[in-house]
Each structure stands twice: as C-alpha cells, then as structure tokens.
Protein chains: 2
Amino acid sequence: MHKRILVVEDEASIRDMVAFALRKADMEVIHAADARAALSAISDTPPDLILLDWMLPGMTGLELARRLRAEERTAEVPIIMLTARGEEMDRVSGLEAGVDDYVVKPFSTRELVARIKAVLRRAQADGGTGSIEMGGLRIDGPAHRVYAGDTQIEIGPTEYRLLHFFMTHAERAYSRAQLLDQVWGGSVYVEERTVDVHIRRLRKTLEPFGLDGLIQTVRGTGYRFSASP
Amino acid sequence: MHKRILVVEDEASIRDMVAFALRKADMEVIHAADARAALSAISDTPPDLILLDWMLPGMTGLELARRLRAEERTAEVPIIMLTARGEEMDRVSGLEAGVDDYVVKPFSTRELVARIKAVLRRAQADGGTGSIEMGGLRIDGPAHRVYAGDTQIEIGPTEYRLLHFFMTHAERAYSRAQLLDQVWGGSVYVEERTVDVHIRRLRKTLEPFGLDGLIQTVRGTGYRFSASP
DNA sequence: TCGCAACGTGACAGTCTCGTGACAGCGCCT
DNA sequence: AGGCGCTGTCACGAGACTGTCACGTTGCGA
C-alpha cells in the first residue's frame with residue numbers, strides 16, 4: 001500500500017518524526033510548513049491523505065481544512081488533524097468541517113500510523129463519494145444528510161455524529177467510554193449512560209423506516225453497528 | 001477494567017506513590033528497579049502497559065523501550081515514559097522508539113492514572129488481535145462476536161471473555177486460580193468452583209454447534225482449550 | 001473393589017445491565 | 001416572553017447474567 005501523505009506542520013521535530021514513521025510504513029511524505037505551501041503542493045497532484053497541524057502560522061488548520069474541502073480537487077482527500085492537548089474541545093467543529101480524524105499530541109508514531117491506515121481504508125471503502133451505504137441506510141458526509149432508500153431522515157446533531165461514527169466504524173463493538181471519546185469529544189464530562197439514551201433515540205429515529213437491528217447491544221461492553229444481525 | 005502495569009522505576013518514593021495510585025484505580029502493579037529486572041518480569045506474561053522511567057541505572061529507559069519494541073511479545077504493549085522536567089527535548093526520539101505518551105515529573109497521580117487509562121483505551125481501540133479461528137470456531141475480537149462456521153453464537157460476557165482467553169492461549173492447561181486471574185481480573189473474590197460452572201456454561205453454548213471437546217478437563221489441574229481432543 | 005477427591009450438573013436468588021419514559025435546563029427562533 | 005428542539009440525567013422495571021450451593025458422576029489410588 002504505497003500512499004502519498006502531505007504533512008502540514010511547522011515544527012521541525014514533529015515533522016521529522018512523522019516523516020520517519022510514515023516512510024517506515026511505506027508511505028511517501030510531502031512537507032509543507034504553512035498553509036500557502038500546502039496549497040501549492042496540492043495544486044500539482046492531490047495526495048492520498050493530508051496530515052494537518054491545528055496551529056499553523058498564518059492560517060489555522062481548521063481554516064485550511066475548510067478551504068481544502070471547498071476545492072473540488074481536494075474535497076475528497078481525507079484529513080487528519082494534529083492537535084495539542086487542550087485544543088481538543090474544538091473536535092466537534094472540526095468534525096463538522098469534514099476532518100476525518102484527530103490525533104492528540106503527544107502521540108506515538110504507532111498510533112499515528114494506525115489511524116492513518118484506518119482512515120485510508122475507510123476512504124477507499126466509500127469509493128471517494130463521501131457517502132456510505134449499508135443495511136439500507138445511506139449517510140452523506142459532505143451534505144450531512146441521512147437517507148433510508150430515497151427518503152431523507154430528519155436527525156439531530158448528536159444522533160448524526162453518532163450514526164456517522166458507527167457507519168464509518170461498522171462491525172465493531174465500542175464501549176460507552178470510547179463512544180463518548182469519539183462522538184462527544186475527549187474532554188467532556190458526561191455520564192456513560194447518556195450514550196444509552198442517544199442510542200435509544202437513534203434507534204427510535206431509524207425504526208419507522210424499517211431499519212431495526214442495525215445498532216446492536218453488546219451486553220457488558222457497549223454497542224456495535226452492523227448490517228447483519 | 002483490571003489491568004496489569006509494569007512500573008520500571010528505581011526511585012522508591014516515586015514507585016510507592018505510583019503503586020498506591022494505580023492500585024486504587026484497580027490496577028495490578030508489578031515492579032522492576034532496572035532494565036534487567038524489567039525484562040525478566042516480562043518474560044513470564046507481558047503486562048498491559050509499561051510505565052518507564054527515563055533515567056535508569058545501567059540502561060536508559062529509551063534503550064529499554066527500543067528493546068521492548070523489537071521483541072514480538074512486547075511489541076504491542078503501550079509504553080508511557082516518566083521524564084524529569086528538562087528532558088523533554090528528547091521527546092521526539094522517544095516517540096520514534098514507539099513510546100505512547102509522556103508524563104513529566106512532578107506529576108499528580110490523578111493525571112498519571114488518566115493518561116494510563118487514555119493510552120489503554122487507545123491501545124484497545126487499535127483492534128488488537130483481530131480474529132482467531134480454530135477447531136471450527138471463530139472469535140472476532142473487535143466485533144465482539146463468535147461464529148461456528150457461518151452462524152453466529154449468542155454468548156454472555158463472562159463466557160465470551162473466557163472463550164477469548166482460551167483461544168488466545170490454546171494448547172495449554174490453566175488452573176482455576178489462573179483463569180480467575182486472567183478472565184475475572186485479579187482483585188475479585190470468587191470461589192474457584194465458579195470457574196467450573198462457567199466452563200460448563202460455555203461448553204453448553206458451544207455444544208449445539210457440534211463443537212464438543214474443545215475445552216478439556218485436566219484432572220487435578222484445571223482446564224485446557226485445544227482443537228485436538 | 002472400595003472410598004475419596006475431583007468434577008459435572010441443575011436450580012436459585014441476588015445482582016447488574018440495559019431499555020424506557022419523564023423531566024428540567026439550555027439555546028434559538030418567532 | 002413564549003414555544004420548540006435538543007440534550008443530559010434520573011428512576012424504575014424487566015430480563016439477563018452471575019456466584020453459590022447441593023447433589024450426582026467419574027476417575028484414581030489404596
């Protein structure tokens with residue numbers, strides 16, 4: 001799996017470390033120290049994935065992410081954000097800007113590579129359209145919409161994020177803590193049982209469309225999303 | 001969440017403080033004063049996480065980290081480094097060696113525990129073992145599912161953990177005490193005979209699928225999981 | 001062959017988990 | 001201000017799961 005990764009990061013030490021790890025994982029690394037350099041690097045050939053630092057000189061990573069999403073050439077390129085601890089609270093707005101995943105500094109290279117691979121795998125799975133379909137349910141990432149066949153389903157923000165996470169991480173059990181981490185964002189204090197309630201609401205929203213059994217309870221562990229019962 | 005943590009630290013005061021905090025957080029603490037002791041402690045059963053002091057007599061923590069990464073048994077075990085203030089600049093080389101996180105001294109035990117939990121959660125999220133198949137039985141770790149051929153088997157939490165342990169430690173006999181340790185978690189008080197009952201339940205759930213004889217009784221010792229009768 | 005210890009089995013009551021409905025607080029729009 | 005959608009929390013109850021006991025069976029050494 002040879003892939004081209006664009007690393008947008010101004011701090012040399014982190015850049016070098018990342019480059020070292022990615023090359024070891026058989027990936028090609030392109031550097032950009034700031035947003036302008038990133039945009040010009042992309043104008044040539046879009047990479048397979050962009051690794052973006054949250055804090056950049058000139059333009060924030062979030063802003064750049066939005067720009068990249070707006071441009072057709074790069075709208076479909078997965079983006080992973082690098083954030084320092086304490087910046088996590090903006091995870092939700094980041095996810096809404098179309099960022100695919102977050103890695104919080106300090107991170108281990110092992111974790112980084114694992115996340116990158118996961119995101120690449122997912123990107124490949126949804127064929128680049130940004131929408132995922134399974135079990136009669138379709139979620140349109142860029143448009144923030146959910147369909148059951150042709151009819152659109154009205155869905156709240158949290159329910160949407162939960163469903164989106166599930167559909168991008170199907171066939172796998174997650175604990176309530178993990179779901180809080182991933183869907184609510186790492187730095188919030190909410191009861192774990194709150195997850196149950198949102199699961200319940202999501203199930204209730206999907207039920208009228210004959211979409212039962214998609215969200216399964218894994219007793220003693222958490223929940224799982226899967227098209228097969 | 002009962003976890004085994006190996007603490008590699010030569011300074012007694014820090015070691016005791018850490019041990020106290022971790023035990024309070026329901027973790028089992030193994031201790032090693034230097035690199036050699038650490039390696040020998042690991043040779044038995046690898047822990048779930050290693051807490052490593054940067055400065056150690058004989059071998060630096062970094063060196064030890066590399067050694068651990070190189071060895072297959074411990075390559076996946078998360079490592080957290082304890083560093084004194086001012087040693088931070090070497091963070092990059094540490095991350096290159098595959099260290100998962102840093103905690104800078106002086107630290108609060110609360111922070112330490114939080115970091116440990118975070119790292120454990122991430123390590124667990126990275127999928128771990130994937131799926132294992134043997135003797136016509138397949139267990140899908142990430143999805144938390146068990147199959148006999150194509151049909152899924154309904155299974156309770158404890159039965160699942162027991163089966164999972166057996167399939168990851170097949171062809172070897174375990175005493176009831178060992179099973180309680182590994183499957184129930186070390187800090188619980190249950191009768192040893194309880195193991196028998198769960199073995200029985202597991203056998204019973206597997207039986208309808210023609211999966212007999214997978215769990216064998218080793219009279220006077222305990223039980224063993226094996227594909228061959 | 002006998003007797004004992006180890007193991008299998010069924011039943012049971014307590015505990016824990018999860019689903020569910022209700023409710024109050026909050027931000028937003030009219 | 002009032003209505004409305006959304007969210008987090010709580011309390012309750014059904015059902016699943018668990019640990020333990022009592023008793024039946026089996027294997028093994030004397």
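Values below: every heavy atom of this structure, side chains too, minus hydrogens, waters and symmetry copies. Residue numbers start from 1 in every chain, and the chains themselves are labelled A, B, ... in the order their sequence lines are given, proteins ahead of strands.
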Practice task
Determine whether any donor atom in the side chain of B:R201 lies under 3.5 Å from an acceptor atom in the base of C:dG8, or the reverse, and answer yes or no.
Solution key: no

Exercise for the section: Check whether any side-chain heavy atom of A:M81 sits under 4.5 Å from a side-chain heavy atom of A:D101, and report yes or no. Expected result: no

Completion exercise
A:E207 atom CD is separated from C:dG19 atom C1', nearest whole Å, by 12 Å

Exercise for the section: Whole angstrom is fine here: how far is it from CG in A:D196 over to P in C:dC16? Expected result: 17 Å

Fill in the blank from the handout: Against the side chain of B:R193, the closest entry in C:dG8, D:dT18, C:dA6 is C:dG8

Exercise for the section: For C:dG8, take OP1 and OP2 only and decide whether either is under 4.0 Å from a side-chain N or O of B:Y223. Expected result: yes

Exercise for the section: Please determine if a side-chain N or O atom of B:T217 lies less than 4.0 Å away from the OP1 or OP2 oxygen of C:dG8. Expected result: yes

Exercise for the section: Can you tell me the distance, in whole Å, between the CG atom of B:L162 and the C1' atom of D:dG19? Expected result: 15 Å

Exercise for the section: May I have the distance from A:L202 (atom CG) to C:dT20 (atom C1'), rounded to whole angstrom? Expected result: 16 Å

Problem - B:E159 CD - D:dG19 C1' separation (whole Å) - result: 14 Å

Exercise for the section: Check the distance between C:dC16's P and A:R219's CZ and give it to me in whole angstrom. Expected result: 13 Å

Problem - Spacing between B:R161 atom CZ and D:dT18 atom C1', to the nearest angstrom - result: 10 Å

Handout entry: 5'-most by nearest nucleotide on DNA chain C - B:K204 or A:V197
Key = B:K204

Practice task
Identify whether the distance between the nearest side-chain nitrogen and carboxylate oxygen of A:E171 and B:R145 falls below 4.0 Å.
Solution key: yes

Handout entry: Spacing between A:E191 atom CD and D:dT7 atom C1', to the nearest angstrom
Key = 14 Å

Completion exercise
Among the nucleotides D:dC28, D:dT7, D:dA16, whichever has the atom closest to the side chain of A:H198 is D:dT7

Handout entry: B:R176/B:D196 ion pair, N-O < 4.0 Å
Key = yes

Problem - Side chain of B:W184 - closest among D:dG19, C:dC18, D:dC28 - result: D:dG19

Exercise for the section: Just call it for B:V218: base, sugar-phosphate, or nothing, with non-hydrogen atoms closer than 4.0 Å on any strand. Expected result: sugar-phosphate

Handout entry: Given D:dC6, D:dT20, C:dG8, the nucleotide with the shortest approach to the side chain of B:T194
Key = D:dT20

Problem - Within the 6.0 Å centroid threshold, strictly below: A:H144 and A:Y160 - result: yes

Problem - Ring center gap for A:Y174 and A:F165 short of 6.0 angstrom - result: yes

